[in-house]
Amino acid sequence: MAVSAAAKKFAGQVSQLLKKHYPDAKCSLNFSTPLELLVATILSAQCTDERVNLVTRELFRKYKDVAAYAEAPPKDLEKAIQSTGFFHNKTKSIQGCCETLLERYNGQIPQDIGKLVDLPGIGRKTANVILGTAFGIASGVVVDTHVSRLSQRLGLSQEKTAEKIEQDLMDQFPKKEWIVLSHRLIQHGRKVCAARKPSCGKCPLEAICPKVGVEGKG
DNA sequence: CTCCCGATAT
DNA sequence: ATATCAGGAG
């Protein structure tokens, strides 16, 4: 699908206003290596970054490399990450990833979207976070719960699935903006354009926002 | 589509 | 009580 010039112009306005208001938006998950970011991002599913950072402070002290996660008794890992929710699934994902990394990639994290998505528990969202934030590779736009919601409200996409929303965003924003755009949209979604009670009065995008689906408008 | 799941705000 | 939080798999 070709994108209209009007759509790209609107995207440019969004981009400019976000840049002005969130000049140095960055990843809010604490990490010091690509592996730590991979683990933190798996833990971040349906959980606040604040909670993830609380858990990983101890977790990263105990598990230093891929082998440490792969060899750990599952019960130990489950206990360590319990408070982030979905802990059975997340433990299987972390250990499955680390086992596969040892088997196929000599314990290294591949810098390739296809290979990352092929790992257990890694979808496009997590893969885009790892590539963009750990390696500086613009493989796509990170579409999480915040980016999905903001894309709808701003009228950037009418699609429902994360995959289709991501394609719409990639079509409207230049590739060089994808990584920082993701961080800015997420920060804006957390602080201003919140799910339940959006602070439209304090929103820097107020003047151009169609407010699709926002109560009182739409 | 459903299921996984604890912590917090409303 | 219920919605929501940097999702992914079956």
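Reminder, nothing fancy here: chain letters follow the sequence lines and each chain counts from 1. Here the structure is a predicted model, which is why all the values come from computation and not from measurement. We use all heavy atoms of the structure for the numbers below, so side chains are in, but hydrogens, waters and symmetry mates are not.
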- Query: With a non-hydrogen cut-off below 4.0 angstrom, is A:Ile42 in contact with a base, only sugar-phosphate, or nothing?
  - Reply: nothing
- Span that lies between the P atom of C:dA6 and that of B:dC4, in whole angstrom: 23 Å
- Rounded to whole Å, the CZ-P distance (A:Phe86 to B:dA7) equals 13 Å
- Looking only at heavy atoms, the pair that brings A:Val141 and A:Asn128 closest together is O-ND2, 3.3 Å
- Task: Could you give the distance separating C:dA3 and B:dT2 at their P atoms, to the nearest angstrom?
- Result: 14 Å
- So, A:Asn106 side chain and A:Gln108 main chain: donor-acceptor pair closer than 3.5 Å or not? no
- Task: Could you pull out the closest heavy-atom pair between A:Arg153 and A:Cys209, with the gap in Å?
- Result: O-SG, 3.8 Å
- Assert: residue with more 5' nearest nucleotide on DNA chain B, out of A:Asn89 and A:Arg51, is A:Asn89
- Query: Checking A:Gln95 side chain against A:Tyr69 main chain: does a donor-acceptor pair fall under 3.5 Å?
  - Reply: yes
- Message: Keeping A:Arg104 on the side-chain end and A:Lys115 on the backbone end, is there a donor-acceptor pair under 3.5 Å?
- Response: no
- Query: Quick one: do A:Arg124 and A:Glu166 make a salt bridge, cutoff under 4.0 Å?
  - Reply: yes
- Message: Return whichever of A:Ile122 or A:Gly189 has its heavy-atom-nearest nucleotide of DNA chain C closer to the 5' end.
- Response: A:Gly189
- Message: Categorize A:Ser28 for me: base, sugar-phosphate, or nothing, with a 4.0 angstrom heavy-atom threshold over every strand shown.
- Response: base
- Message: What's A:Arg196 touching, base or sugar-phosphate or nothing? Going by heavy atoms closer than 4.0 Å.
- Response: base
- Note on the structure: Residues in residues 63-79 of chain A with a heavy atom under 4.0 Å of DNA chain C, by number, are none
- Find which nucleotide of DNA chain C each of A:Arg190 and A:Pro120 is nearest to by heavy atoms, and output the residue with the more 5' nucleotide. A:Arg190
- Side-chain donor-acceptor pair present, A:Glu177, A:Ser15, cut-off under 3.5 Å: yes
- Query: Between the side chains of A:His183 and A:Ser28, is a donor N or O closer than 3.5 angstrom to an acceptor N or O?
  - Reply: no
- Query: Do you know which two heavy atoms are closest between A:Phe173 and A:Ala11, and how far apart they sit?
  - Reply: CE2-O, 3.2 Å
- Item | Proximity to DNA chain C (any heavy atom under 4.0 Å), residues of residues 127-146 of chain A only | A:Val129, A:Val142, A:Asp144, A:Thr145, A:His146
- Could you state the CG-P distance from A:Leu43 to B:dG6, rounded to the nearest angstrom? 15 Å
- Message: Between A:Asp171 and A:Gln167, does the side-chain hydrogen bond (donor to acceptor under 3.5 Å, both in side chains) criterion hold? Intermediate values first, please.
- Response: CA-CA 6 Å; A:Asp171 290 342; A:Gln167 189 59 57; 3.0 Å; yes
- So where does chain A start and stop touching DNA chain C, 5' to 3', when the test is distance under 4.0 Å to a non-hydrogen atom? C:dT2 to C:dA9
- Please report the shortest heavy-atom distance between A:Leu102 and A:Ala67, naming the atom on each side. CD1-CA, 4.1 Å
- Item | Sugar-phosphate, base or nothing in reach of A:Gln82, heavy atoms under 4.0 Å | sugar-phosphate
- Item | Atom P, compared across C:dG8 and B:dA7: separation rounded to whole Å | 22 Å
- Task: In plain terms, say whether A:Glu206 and A:Lys211 are close enough for a salt bridge, that is, a side-chain N and a carboxylate O under 4.0 Å apart.
- Result: yes
